[in-house]
Peer 1: 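This is the structure I have questions about; it appears just below.
Numbers for residues simply follow the sequence, beginning at 1.
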Amino acid sequence: MLGWAVFCLILALVAAVLGFGGLAGTFVGIAKILFFVFLVLFVVSLLVNALRGRRPPI
C-alpha cells in the first residue's frame with residue numbers, strides 16, 4: 001500500500017511538471033489517503049502482534 005502511495009505521489013509530480021494542476025491535486029489526494037490507510041493498518045498490525053505475544057500458552 002505504501003508503494004501505491006509513492007506511485008501516486010510520483011504521478012502527481014509528473015502531472016504538476018506537465019501543467020495538469022487538477023490531475024496533480026487528485027493524485028496528491030489519493031496518495032494522502034493511501035498513506036494514512038497504510039499508517040492505520042501498520043499500527044493495528046503492531047498492536048495485534050504485541051497482544052498476541054503476551055497471551056499465556058494454552
Peer 1: Linking directly or through intermediates, with side-chain heavy atoms under 4.5 Å: list the remaining ILVMFWY members grouped with V44, chain and number order.
Peer 2: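 Members besides V44, by chain and number: V40, V48.
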Peer 1: Taking only residues two or more places apart in sequence, or in another chain, which ones meet L9 in a side-chain contact (heavy atoms from CB on, under 4.5 Å)?
Peer 2: A31
Peer 1: Classify the ring geometry of F38 against F42: parallel below 30°, tilted from 30° to 60°, perpendicular beyond 60°.
Peer 2: parallel
Peer 1: Working to the nearest 0.5 angstrom, can you tell me the gap between F27 CZ and I10 CD1?
Peer 2: 12.0 Å
Peer 1: Run the side-chain contact (heavy atoms from CB on, under 4.5 Å) test against L18 and tell me which residues pass, sequence neighbours left out.
Peer 2: V14, F20
Peer 1: Can I33 be reached from L39 by stepping across I, L, V, M, F, W or Y side chains whose heavy atoms are under 4.5 Å apart?
Peer 2: yes
Peer 1: Rounded to the nearest 0.5 Å, what separates atom OG1 in T26 from atom CG in L11?
Peer 2: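 Between T26 OG1 and L11 CG, I get 11.5 Å after rounding to 0.5 Å.
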Peer 1: Going by side-chain contact (heavy atoms from CB on, under 4.5 Å), name the residues that satisfy it together with V43, two or more places apart in sequence or in a different chain.
Peer 2: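 Only L47 meet the side-chain contact (heavy atoms from CB on, under 4.5 Å) criterion with V43.
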Peer 1: Can you name the residues that form a side-chain contact (heavy atoms from CB on, under 4.5 Å) with V17, not counting sequence neighbours?
Peer 2: none
Peer 1: Please name the pair of heavy atoms, one in A24 and one in A16, separated by the smallest distance, quoted to 0.1 Å.
Peer 2: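 Taking A24 first and A16 second, the nearest heavy atoms are CB-N, 3.8 Å.
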Peer 1: If you group Ile, Leu, Val, Met, Phe, Trp and Tyr whenever their side-chain heavy atoms sit less than 4.5 Å apart, what else falls in with L13?
Peer 2: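 Listed partners: none, L13 stands alone.
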